[in-house]
Amino acid sequence: MKRFATLFNTIDQSTKTNVKVAALAEYFGDATDADRLWTIALFSGRRPKRAVTTTRLREWAAEVAGIPLWLFEDSYAVVGDLAETIALVLPPNPSGDDRSLTHWITELRGLADLSEPERKAFVLAAWEALGGTERFLFNKLITGGFRVGISQKLMTRALARATGKPETELAHRLMGNWHPDDTTWHALIEAADASADASRPYPFYLAYALEEGPEGLGDTGAWRAEWKWDGIRGQLILRDGDYYVWSRGEELMTDRFPELARAIDHMPSGTVLDGELLVWLPGAAAPASFNALQARIGRKTVPKKLLAEAPVVLHAYDLLEWQGTDIRHRPFAERRALLEAACADLPADAPIRLSPQIPFHSWDALAAQRSAAREAQAEGLMLKRADSPYLAGRKKGDWWKWKLDPLTIDAVMIYAQSGSGRRANLFTDFTFAVWNGNELVPFTKAYSGLTDAEFRQITAWVRKNTLERFGPVRKVTPHHVFEIAFEGIQPSPRHKSGVALRFPRIKRWRQDKPLQEANTLDDLNEMLRQYG
Amino acid sequence: MARTKVLTFTEKGIYCPASDFYIDPWRPVDRALITHGHADHARSGMGSYLATHAALPVMRHRLGDIRAEGIAFGETRRIGGADVSFHPAGHVPGSAQIRVALGGEVWVVSGDYKLVDDGFSEPFAPVKCDHFITESTFGLPVFRWMPQRDVAGQINSWWASCAAAGKTAFLGAYALGKAQRLLSMLDPEIGPILTHGAVEATNAVLRKQGLSLPATIHANDEVDPKQHPGAIVVSPPSALGSKWARRFGPQESAFASGWMALRGVRRRRAGDRGFVISDHADWSGLLSAITETGAENIYVTHGYTDVFTRYLNENGWQAQVIPTQFEGEPPESGDAE
Ligand SMILES: [Zn+2]
Ligand SMILES: [Zn+2]
C-alpha cells in the first residue's frame with residue numbers, strides 16, 4: 001500500500017495538473033499489473049464490494065479511539081469524510097507495513113465469508129498495522145469515493161504517457177462496465193482493439209455567455225438562433241456500423257444510452273452529430289425536466305423500466321462529419337443544410353431529431369422568443385453566426401449562449417447548518433421556507449451566494465437566535481428574508497412543499513424586507529404551473 | 001448565600017465586578033488585563049492595559065501609543081480586593097493565563113494556550129484553580145499534533161526539495177508568533193531565509209526583547225530574487241501567490257496551521273502543501289490542561305464549544321459554554337489565533 005499511498009499523497013497535495021499526471025504516469029509505468037489495474041478502477045469509482053457496513057466501522061473506530069459514538073459522529077460532521085475521520089481519531093501509528101494495494105483488496109474481499117467478530121478482528125488489526133495515509137486509504141477501500149481530482153481525462157493522459165497509446169483509444173478502453181475482478185491490465189489496456197479508432201470524437205466547440213443584449217452582434221441576417229436546451233451536450237459518432245456517445249467532458253457514455261444504437265438504422269456510417277441528449281417522451285411537446293435525465297446519467301447500466309420511462313433522444317444541431325469526411329471548416333449554414341437533409345426522413349420513433357432553428361427578423365422579436373424559452377423547457381437561446389466554422393474549445397465571437405434570467409423568490413431562513421473544515425465555525429448551509437397561511441413550509445436548501453462578511457454576520461446572528469439543535473443543524477427564529485434564484489421548478493412528492501428547484505442559490509440578503517412579505521406557497525405553485 | 005461571582009461574562013468581555021477590570025475585552029473599557037498580543041485578545045481603545053513584560057512590545061507595535069504596564073510571570077498584584085497573577089500559556093512569547101483569586105476562590109482565564117514546548121515561548125504551566133475558562137479552538141478528537149521535530153523535518157525536506165528543483169519555497173503562517181516559531185524550526189543549512197515585511201517587523205520586535213531567531217533577509221523591493229537561489233520565504237498567508245510573491249518566479253507554497261489536519265481544508269487552500277502545526281492545544285492537550293488545573297467548573301469558549309462542553313459534562317466536570325453573545329467574532333479564515 002506504500003507505493004499507492006505515495007502516489008495518492010502526491011496527487012492529493014498538488015493543485016497542478018502536470019504534477020498529478022506525471023506522478024500517475026510514473027506509477028502506471030512501474031506498479032505491478034494488479035496494482036495499476038486496481039488504481040484505475042478506484043480512481044474511476046469502482047471499488048471492492050463493501051464487506052463491512054459503515055455503521056460497524058463507526059462503532060469500532062469510536063471504541064478503539066476510546067470516545068463515545070456521539071463524539072465520533074460530531075467529529076465526522078466537521079471532517080466531512082468517514083474514512084478520514086476514522087484515520088484521525090485512531091491512536092497515531094507509524095507505518096511499517098509492506099503489503100500491497102492488491103493484497104489488502106484481496107483480503108477485504110475475503111471478509112464476505114467471515115463472521116462479524118472475524119471481520120472486526122481483521123479491521124482492527126489493519127488499523128493497527130497501517131499508519132497515516134495508508135490507514136486512510138484502507139478505510140477508503142471499504143467506504144469508497146476516492147475524490148482526488150483525477151478525471152477520466154487526466155487518467156487517460158497519464159496512461160497514454162506510460163503506454164505510448166493514444167488518449168482517445170485509452171478513453172475508449174476504459175469505458176463500460178469492466179471490473180478488476182473480471183479483466184486484467186493486459187486485456188484492458190494492451191490487447192489489440194480495432195474499435196478504438198472508430199470511436200474517436202472531435203473536440204467540442206463551446207459558446208461564451210452573452211452578458212448584454214444581442215444588439216451589439218450587428219445585422220440579424222448574419223445570425224441563426226436555436227433553443228439552448230437544458231440537457232447534456234453530446235457527440236454521436238456513427239462509424240463502421242457502430243455507435244459511440246461522448247459527453248462534453250469527453251467521457252465515453254455509449255453504454256448509458258442504448259436506445260441510440262438504433263441511430264445506425266437511420267443514418268449512414270461516417271456521420272458525426274453534435275447535439276443535446278434529452279429525455280423526450282413520445283408525443284410530448286417539450287423535453288422532460290433535467291431531473292429525468294439525471295436519473296439516466298447516474299446509471300451505468302439502464303434497467304428496461306427506466307429506458308421506457310425516460311427515453312433519451314439526441315436533438316442534433318450540428319454536423320461535424322458527413323460521409324466519412326470532416327466538414328467542420330465549412331460554414332455553419334452549409335453544415336446545417338446538410339444536417340437538415342440528413343434528418344429529413346427520420347421517422348417519429350428515431351432516436352435522433354433535428355433541433356429546430358428559430359426564425360427571427362429583429363433582435364426585439366428574438367428577445368420575445370427567448371422569454372418563452374422556459375415553456376419549451378429550454379434555458380434560453382443559442383446564437384450562431386451563419387458563416388462560422390466549427391472550432392475547438394471555448395472561443396469568443398461566433399457562438400453565444402443567451403440564457404434566461406433566473407427565477408427568483410423571497411424566502412425565510414428557518415434552519416442553518418455549519419460548513420465543514422475551514423468553514424466549520426461558520427453557518428453556510430441554510431434551509432428556506434415560504435408562507436402557507438401562518439405556517440412556514442420549507443422548500444429548498446441553498447448555500448452559495450453570500451460574501452464572507454455576510455456569512456460571518458449571519459453566523460453571529462444564528463448563534464444568538466438558535467431555537468433548537470439537531471446535531472449540526474440549528475432551528476432559528478424566522479426573521480431574515482433572502483432572495484433565492486433558481487433555474488427551474490418541478491413537482492416533487494418527496495418534498496413537503498411539493499416542489500423541487502434546479503440550481504437554487506442565494507441571490508441577495510433582503511435585509512430591507514419584513515418577514516411577512518416573503519413569498520407564499522401559492523406563489524411557488526403558480527411558478528410550478530407556469531414553468532414546471 | 002448568593003454572592004457576586006469572581007468573574008462574569010458581559011457584553012464587553014470577561015469582567016471582575018469586585019475589582020472592576022476586564023480580561024481581553026472586545027469593547028473599550030477603563031482597565032484591561034491582556035493575555036497576549038493577538039488581535040482577538042488585545043484590542044485598541046482601552047483606558048489602560050496590563051500584560052506580561054514579554055507581551056508588551058508586540059502590543060505596543062500593534063496598538064501604538066497605549067497606556068500599558070508590564071508584570072512579571074508569577075508576580076502577584078492586588079487589584080481592588082482580588083489577587084491577580086500571570087502564568088505562562090505557551091501560546092506565543094509573553095502569552096499568559098490570568099489567575100484571579102478573591103475570597104478564597106481561584107479563577108483562571110486560559111487565553112490561548114498549548115502544552116507542547118515550542119522552545120520559543122515560555123512553556124505552559126498548569127495553575128490550580130476552582131474555575132477554569134478554557135479555549136476549545138481544536139476541541140475535537142480528530143486534532144492531534146505531531147511532535148514539533150517531526151513537523152520541522154517535513155518542512156525542511158519540502159524546502160530542500162523545492163531548492164533542488166530550482167523553486168522558491170513560500171511558507172505562509174500568521175505573522176505574529178507562528179511565523180517566528182517556524183523560523184526557529186528551519187534549517188539554515190538548506191538555503192537563505194527571507195521574510196515578508198509583516199513577518200520581519202515582528203521579528204525585529206521579538207529580537208529586541210532577546211529572542212533568538214535565525215538570520216533573515218527582509219524581501220523588500222530592493223531584494224533581487226535571483227541573488228537568493230534555494231530560498232524559503234516566510235510570509236503571511238495572504239501574501240502567498242500575490243504579485244509580490246510571483247516576482248520570485250518558479251515557486252511552491254505551503255501553509256502551516258492546525259486546520260491543515262483536515263484534508264478538505266488542505267485542498268481548499270489550493271497551496272502545494274499543508275503542514276499541521278498549531279499554537280493551540282490539541283484534543284488531548286485541552287483535556288490534560290483541564291485535568292491539571294483541578295478545577296471542577298469549566299467555561300468553554302472559542303471553538304467547538306458545544307461538543308467539548310458535552311464531553312466534559314459526561315466525564316465529571318461542570319462545564320458550560322460561555323453564552324454565545326460573549327463569544328466574540330467567529331475566527332476569520334485560517335488559524336484562529
Ligand atoms: Zn485567540
Ligand atoms: Zn492567540
Side-chain angles (χ1 to χ4, degrees), chain A residues 9 12-16 19 61-62 65-68 70-81 83-92 94 132-133 136 147-149 418-427 452-453 455-466 469 471-472 474, chain B residues 136-147 150 158 165 241 252-255 257 259-276 282-284 287 302-308 310-312 314-315 321 323-336:
Chain A
N9 278 336
D12 200 42
Q13 278 167 0
S14 182
T15 50
K16 298 187 178 85
V19 172
I67 57 174
W70 69 263
L71 182 53
F72 179 87
E73 298 292 355
D74 279 9
S75 301
Y76 175 29
V78 169
V79 175
D81 181 293
E84 186 188 355
T85 311
I86 295 172
L88 289 171
V89 300
L90 295 175
T133 306
F136 166 68
R147 271 182 224 101
V148 285
S418 46
S420 57
R422 181 168 82 79
R423 297 205 131 159
N425 276 310
L426 290 182
F427 289 93
D452 277 3
F455 275 128
R456 283 198 294 277
Q457 194 183 344
I458 197 74
T459 294
W461 183 87
V462 167
R463 289 182 179 176
K464 289 182 208 169
N465 293 279
T466 298
R469 298 176 187 199
R474 295 190 183 201
Chain B
S136 63
T137 308
F138 291 106
L140 287 180
V142 294
F143 296 109
R144 189 189 329 253
W145 311 147
M146 280 196 296
D150 293 357
W158 166 72
E252 283 195 23
S253 66
F255 185 62
S257 154
W259 297 107
M260 293 296 113
L262 303 182
R263 179 168 170 251
V265 185
R266 281 199 304 276
R267 285 159 64 85
R268 270 195 295 282
R269 271 269 157 193
D272 296 294
R273 290 293 292 269
F275 297 109
V276 185
D282 63 3
W283 171 256
S284 64
L287 291 177
H302 217 106
Y304 294 102
T305 50
D306 294 358
V307 177
F308 194 56
R310 177 173 171 192
Y311 182 83
L312 292 176
E314 286 186 4
N315 286 277
V321 178
T324 49
Q325 57 265 50
F326 311 119
E327 213 169 290
E329 286 159 31
E332 311 278 304
S333 62
D335 215 344

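Everything quoted here is computed from the prediction, not taken from an experiment. All values below come from the heavy atoms of this structure, side chains included, with hydrogens, waters and symmetry mates left out.
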Next on the checklist: Once ring pair (Phe, Tyr, Trp, His ring centres under 6.0 Å) is applied, do any residues pair with A:Tyr76, and if so which ones, sequence neighbours excluded?
Outcome noted: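 A:Tyr76 satisfies ring pair (Phe, Tyr, Trp, His ring centres under 6.0 Å) with no other residue.
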
Could you state the interatomic distance from [atom1] ([X]) to [atom2] ([Y]), rounded to the nearest 0.5 Å?
| X | Y | atom1 | atom2 | answer |
| --- | --- | --- | --- | --- |
| B:Trp283 | A:Ile67 | CH2 | CD1 | 7.5 Å |
| A:Asp12 | B:Arg263 | CG | CZ | 4.0 Å |
| A:Asp74 | B:Arg310 | CG | CZ | 6.5 Å |
| B:Leu262 | A:Glu84 | CG | CD | 6.0 Å |

Checklist entry - Residues two or more places apart in sequence or in another chain: which of them pass salt bridge (Lys or Arg N to Asp or Glu O under 4.0 Å) with B:Asp306? => result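 With sequence neighbours excluded, B:Asp306 shows a salt bridge (Lys or Arg N to Asp or Glu O under 4.0 Å) to A:Arg469, A:Arg474, given in chain and number order.
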
Next on the checklist: Show the nearest heavy-atom pair for residues A:Lys16 and B:Asp272, with the distance to one decimal.
Outcome noted: NZ-OD1, 2.8 Å

Next on the checklist: Using every non-hydrogen atom in the two residues, find where A:Trp70 and B:Tyr311 come nearest and quote the distance to one decimal.
Outcome noted: CH2-N, 3.6 Å

Next on the checklist: Measuring only between side-chain heavy atoms, which start at C-beta, is B:Pro141 closer than 4.5 Å to A:Phe72?
Outcome noted: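 When only atoms from C-beta onward are counted, A:Phe72 and B:Pro141 do not touch, as no gap falls below 4.5 Å.
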
Next on the checklist: Does any part of the side chain of B:Val142, heavy atoms only, come nearer than 4.5 Å to the side chain of A:Val78, both counted from C-beta?
Outcome noted: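 Of all side-chain heavy-atom pairs linking B:Val142 with A:Val78, none is under 4.5 Å.
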
Item to check | Under 4.5 Å from any heavy atom of chain B - which part of A:Ile86 | outcome: neither

Checklist entry - Counting heavy-atom pairs under 4.5 Å to chain B, which of A:Ser14, A:Ala65, A:Pro92, A:Ala87 comes out on top? => result A:Pro92

Next on the checklist: Taking A:Gln13's backbone N and O only, do any of them form a donor-acceptor pair with B:Arg266's side chain (distance below 3.5 Å, no angle check)?
Outcome noted: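 No, because the side chain of B:Arg266 does not come within donor-acceptor range (under 3.5 Å) of the backbone of A:Gln13.
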
